[in-house]
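Working notes for the structure below.
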Protein chains: 4
Amino acid sequence: MSVSAHSLFKCIDIFMKYEHIQQEAYEANMQLPKLNLVLFTFGNVSAVDRSLGVFAIKPSGVPYEALTPAKMVIVDFDGNVVEGSLRPSSDTKTHAVLYKHWDSIGGIVHTHSTYATAWAQSQRDIPIYGTTHADYNTVNIPCAPPMSDEMIKGDYEYETGFQIMNCFKNKGLDYKEVEMVLVGNHAPFTWGKNADKAVHNSAVLECVAQMAFLTQQINPSAPRLKDALIKKHYERKHGPDSYYGQ
Amino acid sequence: MSVSAHSLFKCIDIFMKYEHIQQEAYEANMQLPKLNLVLFTFGNVSAVDRSLGVFAIKPSGVPYEALTPAKMVIVDFDGNVVEGSLRPSSDTKTHAVLYKHWDSIGGIVHTHSTYATAWAQSQRDIPIYGTTHADYNTVNIPCAPPMSDEMIKGDYEYETGFQIMNCFKNKGLDYKEVEMVLVGNHAPFTWGKNADKAVHNSAVLECVAQMAFLTQQINPSAPRLKDALIKKHYERKHGPDSYYGQ
Amino acid sequence: MSVSAHSLFKCIDIFMKYEHIQQEAYEANMQLPKLNLVLFTFGNVSAVDRSLGVFAIKPSGVPYEALTPAKMVIVDFDGNVVEGSLRPSSDTKTHAVLYKHWDSIGGIVHTHSTYATAWAQSQRDIPIYGTTHADYNTVNIPCAPPMSDEMIKGDYEYETGFQIMNCFKNKGLDYKEVEMVLVGNHAPFTWGKNADKAVHNSAVLECVAQMAFLTQQINPSAPRLKDALIKKHYERKHGPDSYYGQ
Amino acid sequence: MSVSAHSLFKCIDIFMKYEHIQQEAYEANMQLPKLNLVLFTFGNVSAVDRSLGVFAIKPSGVPYEALTPAKMVIVDFDGNVVEGSLRPSSDTKTHAVLYKHWDSIGGIVHTHSTYATAWAQSQRDIPIYGTTHADYNTVNIPCAPPMSDEMIKGDYEYETGFQIMNCFKNKGLDYKEVEMVLVGNHAPFTWGKNADKAVHNSAVLECVAQMAFLTQQINPSAPRLKDALIKKHYERKHGPDSYYGQ
């Protein structure tokens, strides 16, 4: 049982190489149950290293309490496993497509959070009713239409990524401004400059989805938020003159 | 106060004989309050040993915090208590009937979880609206009609088992594929290859029931999930080409 | 600073005399926040000693985390404070009236629990839709009509007790069988053979109220539970042939 | 690195001068997540010292778990930072305007709590349906109309304060009696004689908002609470003849 110094160092090297995104993906995944965004394993987070051209993602079907940073699977932008002994999330190819085509995303989250999923099942955009929504988006939260049978029967998870991108193209949306989407009949995806921000966006989406549901119940003819308020609140938090936070 | 070695060994033997299903049933029962599926004692789980022809089930009306593995009652498939000093769950005969006639079930759960019970009270099947549902079932979650007065006045809990089986027969469903049912006016039953999987299914049912309620509120004309998605999601998790999990 | 042995013993005697109901009322009150039945101090529990003709009740407006058994106030059936330096709950006279006229009640609870209070504000009886309800009541949970201006402007809390009793009289209900009521525009009261059972009934009422709300939303024409099931479930838990519990 | 005794004492002096309101604001802010009134940093509390003409307020965008009393920013009634190295809450000017013009307020809270915000988004006053509401207010909880574009494009947070005051003026309300408001399309503000009472009012508002939502769902024609009950319950807790609490 002898190991050459060379191969040992190489092994350590690989381990160290991905440790930062494994740690980032691990910590972000562990936030999902704490924020009540997942039941069992109904969710996954990934974190990217663009200089290496790979991302770390949750292994498929592994309970959160059994996760460790080292169990995060390393995958390239074509969905190939680069490192890791576990099978990656079944939604891995959707993450890969989004990282490949949307080049400033640092982290991606998929959940089946209750209210956001109900809107996705309803095949409805979430209307912009208030400033909580406008603090994050200037438009309704888009719901991509259900996919065609061809896409579903083809490379399904890969096509899910394209369905999201097509939805943004058709609606004229910019993924750098709108960091969340509902996939019709399925559930939400969110992203952000890193995995932690992407999880933050998932929690905000669930909150906004619940408020919009209640608003429609209380006042079915509640109007869209007025343009001046949309602009004001978005710019308080984003853009050159933002003054929220430190 | 002398005890023959023979009778002592026999006693230990009986104790050891059922310990594995008592432990399994105990652990599964203790999951119910953790998953917010029960108020007080409104639920019960059983675990079967088919080689011995018996199952272990929660004693009736005993609070979860007072349960121990040894308190689980051992019952045969005709509902007779085989071992145990406590009275078994009042729903024991329903469990017995299902174990007797559906021979690949390993565990059964009954709860009065809030949203699933509301659908049962509404006497409505839970429509298949999204992929969360399709990950587990390719059909609406069936609601068995309320029982006839004759069945209710007869051996009620025993007949409840037959009501569930008749519902599956009439709807052409296979209990190995659809592992959950609502009993009209009453509440849900779920099952699985073991007690832990049966509890998992109870939590999934409650989640799907809540999402379907919200979906109907948001969009009363929300359509049924398209066939291609139902097939795709179910086969991701089940069947020969499944690729979810490890 | 000398104290005669006689007066010291008398003082201890008084303290000991009520300790058992103070302890019972204390423990029952502390269950309210644990069962999510109260916000701040919106609730109170009392426990009676009929041989002494008094009950122990929560002091008014004292946060649950500051309660101790000794702070429970001792009151007679006319609402007079017998022992204790704190002011009793503002609802004390309602408790007193019910203890005085309904002579087998051992404990009373008043909360503003969310769903039960919403039904009270809606001035609607809670319809009997399922077996969860029938395990406790064979009838709709009654909602007493709002009180007359005369009763409100008079001895309000005292009259609230009569409003509850009149509601039972007018509907032909027996307080020994139906242990819960909604006071229209106000909130629920429940009772039982002791304070612990009364709290149990408050939690069951809140659960049944939520399920009935959801049932109406899912199916506005959901029918009343059939008579055979009402009878069966109630008798499983109550009466000479009950077989629920140990 | 020498420091004169004089400047050191002066520095300690400033530190000590505001410590009491920093402590009060800190403790009140930390109640918001405990009472489930905020997601992330969607809320802020301030506490005033009227003799000094300043208030202490949460710094903008700082997570609750990272707060300390010393991080509370000291601001005057024109919204100028008097002491503190962090940027104050983006809603600071709204607090400043209310402290300046409503001179008996001791603490102010702003949250985006779920049900209250849904009513604000619905642009609806919360109807007075029951005694839980009447224990705190004799009127519907007012919803200020959405602000004009001019106000929004001007000094937005400053104008929000005036929008609240104008709403009270137009409806003939007294801020000393009604200690809560919804800002249309935005979210609630509450106040009280100190920061702790203001937080208490935010939690009561959220509770009343949820009950009113449910009441409307159960009975869309539920009537307004009758005048005699409004008067009775409000006076039980407030005014010269109140008898609630110690």
Side-chain angles (χ1 to χ4, degrees), chain C residues 36 38-42 59-63 66 71 73 85-93 110-124 126-127 143 145-154 156-157 159-160 182-187 209-210 212-217 220, chain D residues 31 34-37 113-116 126-136 140 192 196-197 199-238 241-246:
Chain C
N36 288 316
V38 292
L39 174 68
F40 299 129
T41 58
F42 300 4
S60 181
V62 175
K71 285 183 183 165
V73 187
S85 54
L86 295 168
R87 192 190 289 183
S89 163
S90 58
D91 300 297
T92 293
K93 284 188 183 169
H110 174 52
T111 77
H112 286 218
S113 69
T114 308
Y115 287 88
T117 302
W119 281 93
Q121 293 190 159
S122 301
Q123 302 181 18
R124 291 264 164 98
I126 302 178
C143 181
M147 291 157 71
S148 71
D149 285 10
E150 289 65 39
M151 291 174 92
I152 294 166
K153 288 172 187 165
Y156 173 61
E157 290 83 5
E159 297 288 1
T160 300
L182 307 174
V183 176
N185 286 140
H186 189 167
Q210 183 178 8
F213 160 71
L214 292 170
T215 301
Q216 281 201 348
Q217 297 286 312
Chain D
Q31 286 299 311
K34 280 186 194 152
L35 288 162
N36 287 317
L37 297 172
S113 69
T114 307
Y115 287 88
I126 301 178
I128 181 163
Y129 283 132
T131 62
T132 320
H133 187 134
D135 282 337
Y136 289 85
N140 294 346
D196 182 62
K197 293 286 182 189
V199 170
H200 180 99
N201 288 335
S202 279
V204 168
L205 169 55
E206 181 65 7
C207 168
V208 167
Q210 183 179 7
M211 285 175 178
F213 160 72
L214 292 169
T215 301
Q216 281 202 346
Q217 298 285 312
I218 293 170
N219 183 0
S221 57
R224 189 175 184 276
L225 188 61
K226 62 193 308 187
D227 286 337
L229 267 178
I230 292 174
K231 195 167 181 300
K232 179 66 193 177
H233 268 264
Y234 190 74
E235 291 180 356
R236 285 213 313 182
K237 281 205 156 183
H238 308 267
D241 299 322
S242 69
Y243 52 93
Y244 186 90
Q246 300 301 325

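Since the structure is predicted, the reported quantities are computational estimates derived from the model, not experimental observations. Lettering of chains follows the sequences in order, A, B, ..., and the numbering in each one begins at 1.
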Discussion item. Please determine whether side-chain contact (heavy atoms from CB on, under 4.5 Å) holds for the pair D:T131 and C:H112, giving the CA-CA distance in whole Å, both sets of side-chain angles, and the decisive distance to 0.1 Å.
Written reply: CA-CA 9 Å; D:T131 62; C:H112 286 218; 3.7 Å; yes

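- The greatest number of non-hydrogen atom pairs below 4.5 Å with chain C, out of D:A203, D:A222, D:C207, is found for D:A203.
- Taking 4.5 Å as the limit, some side-chain heavy atom of C:T92 sits within range of a side-chain heavy atom of C:S89.
- Annotation: maximal heavy-atom pairing with chain C below 4.5 Å, among D:H233, D:K237, D:K231, occurs at D:H233.
- Only the side chain of D:D135 comes within contact range of chain C, with at least one heavy atom under 4.5 Å from a heavy atom of that chain.
- Taking the charged nitrogens against the carboxylate oxygens, D:R236 and C:D91 do have a contact shorter than 4.0 Å, which makes a salt bridge.
- Both the backbone and the side chain of C:L86 come within contact range of chain D, with heavy atoms under 4.5 Å apart.
- Without hydrogens or angle criteria, C:N185 side chain to D:G130 main chain gives no donor-acceptor distance under 3.5 Å.
- Contact count against chain D (heavy-atom pairs under 4.5 Å) is highest for C:E157 among C:E157, C:K153, C:Q123.
- Interface residue C:R124: only side-chain heavy atoms are found under 4.5 Å from chain D.
- In this structure, D:H200 has its ring center closer than 6.0 angstrom to the ring center of D:Y136.
- Within the 4.5 Å cutoff, side-chain heavy atoms of C:T41 are placed close to those of D:Y244.
- With hydrogens and angles disregarded, no donor-acceptor distance shorter than 3.5 Å links the side chain of D:K232 to the backbone of D:A134.
- Proximity to chain D is absent for every atom of C:Q210, based on heavy atoms less than 4.5 angstrom apart.
- Among D:A228, D:A212, D:G245, D:P220, the residue with the largest count of heavy-atom pairs under 4.5 Å with chain C is D:G245.
- Neither the backbone nor the side chain of C:V183 has a heavy atom closer than 4.5 Å to any heavy atom of chain D.
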